[in-house]
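Positions are given from 1 along the sequence.
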Amino acid sequence: GIMADKSMANSQEKEAAGRAAAKLVREGDVVGLGTGSTAYFTVIALGERVKAGLKIIGIPTSIATADLARAVGIPLTTLDEHPEIDITIDGADEVDPMLNLIKGGGGALLREKVVASASKKMVVVADAAKMVPVLGKFPLPVEIISFARTVIEKKIASLGATIKLRMRPDGQPFVTDNGNQILDCSFGKIEDPSALALALNSTPGIVEHGLFIGLAKLVVVGRGTFVEEIRSKHTRRKRVQPKRARTKRSSRKPQRAKP
């Protein structure tokens, strides 16, 4: 039916984006390997490139991704060995026009954020449905120590969210790779992601949250059979500055005429 067609197209977009981003990896790169259904295709494609002779080493953002990378033959290392990563390719649950993200639907947000922040460049792979005008329709994942759960729930509720403790299918609380729990916090609309990120960062007992502010440099989006690249406004602005300085200098030419 229509839903099946939708999920087919959706999976096609994920594969297109994931594979396109894998082409951005260069010989000798230390690569942060993301987690989730779109990053999956990046890891598969990188495995193919490694088989064809590409020399890279990967740093996985989750146990699941480490298993997948090993299965497709990508040599792995650790952040201790390589604390500087050349490029990280990872998915997202939502991407806004500023390339701020909500991540953590798969539960790997803590390692994902550490890896992204240790990277020279973070590339996000996504299908078109992940692009949103405002973050917040997707519940924001917040990783917490279970000891502080009720205190943190009260705090986040006061910021305007409805909160659910993430559960496993067997009815037990979901546990992250780091042994923590996750609160899924529905805000509806997050008008000021930076302010919310700060409020959550300053709450003891919160280990990490899924707001990735200013980390993504490039988003590779699958749209039907096409792939679109969206760069952060931030990098674009940087490129314009030298020109602007030049035009200012040229207006001061008269003073420069003095020997």
K.L.:
Take atom CD in Glu27; do more than 12 heavy atoms of anything else shown fall under 6.0 Å from it?
P.N.:
yes

K.L.:
May I ask you to test the Gln181-Leu165 pair for a side-chain heavy-atom distance under 4.5 Å?
P.N.:
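A side-chain contact under 4.5 Å exists here.
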
K.L.:
What are the two closest non-hydrogen atoms of Lys120 and Lys217, and how far apart are they?
P.N.:
O-CE, 4.4 Å

K.L.:
Sort out for me which residue in Val221, Val227, Asp127 forms a side chain to side chain contact (heavy atoms under 4.5 Å, CB included) with Glu13.
P.N.:
Asp127

K.L.:
For the NZ atom of Lys23 and the CZ atom of Arg49, what is their distance to the nearest 0.5 Å?
P.N.:
9.5 Å

K.L.:
Just how far is it from atom CG of Asp96 to atom CG of Leu135, taken to the nearest 0.5 Å?
P.N.:
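CG of Leu135 is found 4.5 Å from CG of Asp96.
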
K.L.:
When you compare the side chain of Val31 with that of Asp86, does any pair of heavy atoms fall below 4.5 Å?
P.N.:
no

K.L.:
Please determine whether side-chain contact (heavy atoms from CB on, under 4.5 Å) holds for the pair Glu112 and Glu208, giving the CA-CA distance in whole Å, both sets of side-chain angles, and the decisive distance to 0.1 Å.
P.N.:
CA-CA 10 Å; Glu112 286 172 344; Glu208 196 47 88; over 6 Å; no

K.L.:
Heavy atoms, side chains only, cut-off 4.5 Å: are Asn180 and Ile144 in contact?
P.N.:
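In short, these two side chains do not touch, never coming nearer than 4.5 Å.
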
K.L.:
Return yes if a side-chain donor-acceptor contact under 3.5 Å exists between Lys14 and Ser37, otherwise no.
P.N.:
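Side-chain D/A pair, Lys14 to Ser37: present.
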
K.L.:
One thing to verify: whether Lys130 and Glu94 come together as a salt bridge, which I'm taking to mean a side-chain N less than 4.0 angstrom from a carboxylate O.
P.N.:
no

K.L.:
Less than 3.5 Å apart, any donor N or O on the side chain of Thr162 or Ser186 sitting next to an acceptor on the other?
P.N.:
no

K.L.:
Honestly, is Arg166 close enough over Phe174, meaning NZ or CZ under 6.0 Å from the six-membered ring centre and within 45° of the axis?
P.N.:
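So Arg166 does make the cation-pi contact.
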
K.L.:
Please report the shortest heavy-atom distance between Ala45 and Ala22, naming the atom on each side.
P.N.:
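Distance-wise, the nearest heavy atoms are CB-CB, 3.6 Å.
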
K.L.:
Rounded at 0.5 Å granularity, tell me how far CZ in Phe41 sits from OG in Ser11.
P.N.:
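So the gap between those two atoms works out to 4.5 Å.
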
K.L.:
Side-chain contact, heavy-atom cut-off 4.5 Å: Met122 with Leu101?
P.N.:
yes

K.L.:
Supply the atom-to-atom distance Ile89 CD1 to Thr38 OG1, rounded to the nearest 0.5 angstrom.
P.N.:
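Output value for this atom pair is 12.0 Å.
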
K.L.:
Using a 3.5 Å distance criterion without hydrogens, assess whether the side chain of Thr65 forms a donor-acceptor pair with backbone atoms of Thr61.
P.N.:
no

K.L.:
Taking a hydrophobic cluster as the set of Ile, Leu, Val, Met, Phe, Trp and Tyr residues connected by side-chain heavy atoms closer than 4.5 Å, whether directly or through intermediates, do Leu215 and Val114 fall within one such cluster?
P.N.:
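Hydrophobic grouping puts Leu215 apart from Val114.
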
K.L.:
CZ of Arg26: more than 12 outside heavy atoms within 6.0 angstrom?
P.N.:
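Not buried by this count: 12 neighbours or fewer within 6.0 Å.
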
K.L.:
For Leu76 and Arg70: C-alpha separation, side-chain torsions, deciding distance, then whether side-chain contact (heavy atoms from CB on, under 4.5 Å) applies.
P.N.:
CA-CA 8 Å; Leu76 297 181; Arg70 276 189 209 104; 4.0 Å; yes

K.L.:
May I ask you to test the Thr78-Ile59 pair for a side-chain heavy-atom distance under 4.5 Å?
P.N.:
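SC-SC contact between Thr78 and Ile59 ruled out.
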
K.L.:
Between Asp184 and Lys164, does any side-chain N to carboxylate O distance fall below 4.0 Å?
P.N.:
no

K.L.:
Flag the pair Lys155 and Glu153 as a salt bridge only when some basic side-chain nitrogen lies within less than 4.0 angstrom of an acidic carboxylate oxygen.
P.N.:
no

K.L.:
Would Val25 end up clustered with Val43 when hydrophobic side chains under 4.5 Å apart are linked, directly or stepwise?
P.N.:
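Looking at the clustering, Val43 is in the same group as Val25.
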
K.L.:
When hydrophobic residues are tied together by side-chain contacts of less than 4.5 Å, even through go-betweens, does Leu46 share a cluster with Ile85?
P.N.:
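In one cluster: no.
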
K.L.:
Given the rule that I, L, V, M, F, W and Y join up when any side-chain heavy atoms are under 4.5 Å apart, are Phe212 and Leu200 in one cluster?
P.N.:
no

K.L.:
Side chain to side chain donor-acceptor pair (under 3.5 Å) for Glu143 and Thr176? Distances and angles first, verdict last.
P.N.:
CA-CA 8 Å; Glu143 185 162 339; Thr176 68; 2.9 Å; yes

K.L.:
Specify the closest pair of heavy atoms between Leu196 and Leu140, including all atoms of both residues, with the distance to one decimal.
P.N.:
CD2-CD2, 4.1 Å

K.L.:
Looking at CG of Leu99 and OG of Ser232, how far apart are the two atoms once the value is rounded to the nearest 0.5 Å?
P.N.:
5.5 Å

K.L.:
Checking side-chain contact (heavy atoms from CB on, under 4.5 Å) for the pair Leu33/Thr42: CA distance, chi angles, key distance, verdict?
P.N.:
CA-CA 8 Å; Leu33 303 170; Thr42 300; 5.8 Å; no

K.L.:
Tell me whether Leu159 is reachable from Leu198 by hopping between hydrophobic residues (I, L, V, M, F, W, Y) whose side-chain heavy atoms are closer than 4.5 Å.
P.N.:
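Leu198 does not cluster with Leu159.
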
K.L.:
Is it the case that atom CZ in Phe138 sees more than 12 heavy atoms from other parts of the structure closer than 6.0 Å?
P.N.:
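Yes, the 6.0 Å shell around CZ holds more than 12 heavy atoms from other groups.
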
K.L.:
Using a strict 4.0 Å threshold on nitrogen-to-oxygen distance, state whether Lys103 and Asp93 make a salt bridge.
P.N.:
no

K.L.:
How close do Gly18 and Val125 get, counting heavy atoms only, and between which atoms?
P.N.:
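Reported closest heavy-atom pair: CA-CG1, 4.1 Å.
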
K.L.:
Quick check: closest heavy atoms across Ala126 and Ala17, and the distance to 0.1 Å?
P.N.:
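Closest pair (atom of Ala126, atom of Ala17, distance): O-CB, 3.6 Å.
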
K.L.:
With heavy-atom distances below 4.5 Å as the criterion, would you say the side chains of Ile87 and Val30 are in contact?
P.N.:
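Ile87 vs Val30: side chains apart.
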
K.L.:
Answer whether the closest heavy-atom distance between the side chains of Glu229 and Arg231 falls below 4.5 Å.
P.N.:
yes

K.L.:
Ser62 and Ala108: which non-hydrogen atoms are nearest, and at how many Å?
P.N.:
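Closest pair (atom of Ser62, atom of Ala108, distance): CB-CB, 4.1 Å.
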
K.L.:
For the pair Lys113 (side chain) and Leu211 (backbone), establish whether a donor and an acceptor sit closer than 3.5 Å, ignoring hydrogens and angles.
P.N.:
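Indeed, once roles are kept as given, a pair shorter than 3.5 Å links the two residues.
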
K.L.:
Does the pair Ile145 and Val207 meet the rule for a side-chain contact (heavy atoms from CB on, under 4.5 Å), with working shown?
P.N.:
CA-CA 7 Å; Ile145 58 166; Val207 181; 3.9 Å; yes

K.L.:
Would you check if Val220 and Val123 make a side-chain contact, meaning some heavy-atom pair closer than 4.5 Å?
P.N.:
yes

K.L.:
Can you measure from CD1 (Ile56) to CG (Asp29) and round to the nearest 0.5 angstrom?
P.N.:
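Here the interatomic distance stands at 7.5 Å.
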
